[in-house]
Amino acid sequence: MSVYTGPVFEMAARQFETIADHIEIPHDERARLLYPKRAVTVACPIHRDDGRVAVFHGYRVQHHLTLGPTKGGTRFAASVDLGEIGALAIWMSWKCALAGLPYGGAKGGITVDPGSLSLRELEGLSRRYMQEMIPFVGPHTDVMAPDMGTNEQVMAWFMDTYSMYQGHTVTEIVTGKPVASGGTVGRREATGRGVVHLAMRAAERAGLAASGATAIVQGFGNVGSVAAQELVLRGVKVIGVSDHTACYFDPRGLDVGAMVTHAAAHRGLAGFSNELAADPSTLLTRQCDILVPAAMERVIDGPTAERLQCRVLAEGANGPTTPDADDVLTHRDIAVVPDILCNAGGVIVSYFEWVQDLQQFFWEEDEVNQKLRAVLDRAYDRVTVRVARDRVYARTAAMAIGVERVRDAKQTRGLFP
Ligand code: NAD
């Protein structure tokens with residue numbers, strides 16, 4: 001299928017081949033499991049503040065419909081294209097299946113730098129994108145959520161736009177909404193919290209105590225900033241942090257709370273400190289106990305993997321580690337918590353939000369967090385057992401469990417007609 005092109009899709013396809021070989025999926029079954037069921041591209045025209053009309057390209061990919069509706073985030077970024085969105089939809093499928101959620105994977109996005117839009121333009125583009133998607137999504141068809149470049153506010157605009165067309169409020173069309181608009185407590189923090197919960201489990205297995213351990217976090221958005229705060233709460237010293245505007249390093253430990261306040265006020269970390277500024281190109285390879293990439297794909301390639309000096313690699317971002325880097329890490333003494341496991345907290349609490357919206361019955365934050373930990377622990381334990389049983393790398397084990405669940409469901413349902 002030539003519509004899915006580019007390095008991110010190639011990476012997802014290469015990972016799938018590794019898993020398919022490992023669990024011996026016959027070659028004539030592979031395309032049905034790998035290629036997305038549906039892809040939609042839309043042109044979204046909006047009025048710019050200066051009176052011009054600009055057109056942005058939007059996408060939504062629904063990977064498989066075998067286990068229930070599809071579920072996945074919406075990314076607003078300049079890098080977005082059909083191949084990237086297709087890869088992210090595929091990873092969502094393996095992630096949901098590994099966590100035991102009743103969803104196929106999906107992903108959507110718009111090719112736009114959201115920082116180049118005014119708030120009014122961002123609202124116009126968000127609403128137009130959702131309006132264009134109405135024929136293809138629904139609470140039992142495809143449920144959207146935030147991803148890079150989108151947030152609770154964008155989800156509220158999506159939900160409001162969809163609801164206006166239905167003539168009544170349909171909170172369950174998106175997750176990651178503000179609590180005031182039918183969202184759940186604990187969703188905004190869920191991904192970062194989950195990342196740190198599993199990083200700590202991996203650290204414990206590696207014989208590392210939280211107190212006195214050091215961490216570096218790349219990306220300071222929803223996932224990275226919450227992960228950094230959670231690490232501090234557990235007694236870990238966060239010594240390095242970066243976003244797309246700045247990079248800081250302090251072996252004595254950074255003031256993460258002050259950085260969160262600064263980033264919120266200035267739309268980024270730039271200007272936080274002159275003394276602590278560091279080189280972003282070497283941040284990932286500096287010595288630390290826990291490394292959390294929480295920004296973009298493919299930041300750890302083969303040569304970078306050779307130079308990593310961490311003990312635990314907790315993948316907050318989707319696809320931060322290339323297959324060449326995996327080849328290196330397989331032979332290194334670094335505990336890798338792979339993305340589809342490590343950052344699953346987001347979709348797990350999105351699932352809780354969808355269930356609460358469907359039932360119009362809302363939970364307390366303690367209940368959300370306790371259920372989140374239970375689902376994550378179950379998935380982590382299954383991966384650990386599988387690593388030991390098959391003597392494989394953690395990503396291979398995690399993906400194998402996800403792919404097998406989808407494959408089993410497809411086999412029992414059969415092939416229509
Ligand atoms: P976000 O838009 O809130 O934040 C992204 C962060 O990455 C920003 O701080 C940005 O400045 C930073 N960044 C961008 N380019 C960078 C660069 N070159 N170097 C350093 N930092 C850079 O996005 P997010 O929701 O935090 O998502 C981050 C990653 O986590 C993505 O891979 C996303 O797919 C994944 N993820 C997000 C969720 C979620 O619930 N939001 C769930 C699972 C996975």
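Computed from a predicted structure; not experimentally measured. For ligands, and for the atoms within them, numbers begin at 1 and follow the listed sequence.
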Are there more than 12 heavy atoms of other residues, nucleotides or ligands under 6.0 Å from atom CG of Asp50? yes
Distance-only N or O hit between ligand 1 and Val223, under 3.5 Å: yes
Closest approach of any protein heavy atom to atom 33 (C) of ligand 1, naming residue and atom: Asp147 OD1, 3.2 Å
Which distance, rounded to the nearest 0.5 Å, do you find between the CD1 of Ile216 and the OG of Ser242? 9.5 Å
Could you walk me through whether Thr245 and Asp243 pass the side-chain hydrogen bond (donor to acceptor under 3.5 Å, both in side chains) test, one step at a time? CA-CA 5 Å; Thr245 66; Asp243 73 358; 2.7 Å; yes
Which of the numbered atoms in ligand 1 are below 4.0 angstrom from a heavy atom of Arg187? 40 (O)
What protein heavy atom is closest to atom 17 (C) of ligand 1, reported as residue, atom name and distance in Å? Met296 CE, 4.0 Å
Run the side-chain hydrogen bond (donor to acceptor under 3.5 Å, both in side chains) test on Asp381 and Thr384 for me, step by step, so that the C-alpha distance in whole Å, both residues' side-chain angles and the decisive distance to 0.1 Å come before the verdict. CA-CA 5 Å; Asp381 291 340; Thr384 308; 5.0 Å; no
If we check ring pair (Phe, Tyr, Trp, His ring centres under 6.0 Å) with Tyr129, which of these qualifies: Phe158, Phe56, Tyr162? Phe158
Worked check of salt bridge (charged side-chain N to carboxylate O under 4.0 Å, His left out) between Arg14 and Glu10: CA-CA 6 Å; Arg14 194 169 146 195; Glu10 279 165 24; over 6 Å; no
At less than 4.0 angstrom from any non-hydrogen atom of Gly316, what atoms of ligand 1 do you find? 30 (O), 35 (C), 44 (C)
Carboxylate-amine/guanidinium contact Arg75 Glu297, below 4.0 Å: yes
Using the ring of Trp354 (Phe, Tyr or Trp, six-membered ring only), decide whether Lys71 places NZ or CZ under 6.0 Å from its centre and within 45 degrees of its axis. no
Starting from atom 36 (N) of ligand 1, which protein heavy atom do you reach first, and at what distance in Å? Asn318 ND2, 3.8 Å
Report the relative orientation of the aromatic rings in Trp363 and Phe352; use parallel for angles under 30°, tilted for 30 to 60°, perpendicular for over 60°. tilted
Heavy-atom count around Arg205 CZ within 6.0 Å, excluding the residue itself: above 12? no
Examine Asn222 against ligand 1 and note whether any of their N/O atoms are separated by less than 3.5 Å. yes
Any N/O pair Gly149/ligand 1 closer than 3.5 Å: yes
Going by the 4.0 angstrom heavy-atom rule, the piece of Thr191 near ligand 1 is side chain
Can you name the atoms of ligand 1, numbered from 1 with element, that are less than 4.0 Å from a heavy atom of Ala294? 28 (C), 29 (C)
At what distance is the nearest protein heavy atom to atom 19 (N) of ligand 1, and which residue and atom is it? Asp243 O, 3.9 Å
Is it the case that ligand 1 has an N or O less than 3.5 angstrom from some N or O of His244? yes
Are any of the N/O atoms on Phe220, whether in the backbone or the side chain, positioned under 3.5 angstrom from an N/O atom of ligand 1? yes
Per-atom contacts, ligand 1 versus Ala295 - under 4.0 Å to a heavy atom: 7 (O), 13 (N), 21 (N), 22 (C), 28 (C), 29 (C), 31 (C), 32 (O)
Going by distance only, is there an N or O of Gly221 that falls short of 3.5 Å from an N or O of ligand 1? yes
So if I count the atoms of ligand 1 from 1 in the order they appear, which ones are less than 4.0 Å from some heavy atom of Ser242? 20 (C)
Number the atoms of ligand 1 from 1 as they appear, then name those within less than 4.0 Å of a heavy atom of Arg75, with their elements. 31 (C), 32 (O), 33 (C), 34 (O)
Quick one: look up the protein heavy atom nearest atom 5 (C) of ligand 1 and list residue, atom name and how far away it is. Met148 CG, 3.9 Å
What is the distance from atom CG of Asp326 to atom NE2 of His331, rounded to the nearest 0.5 Å? 11.0 Å
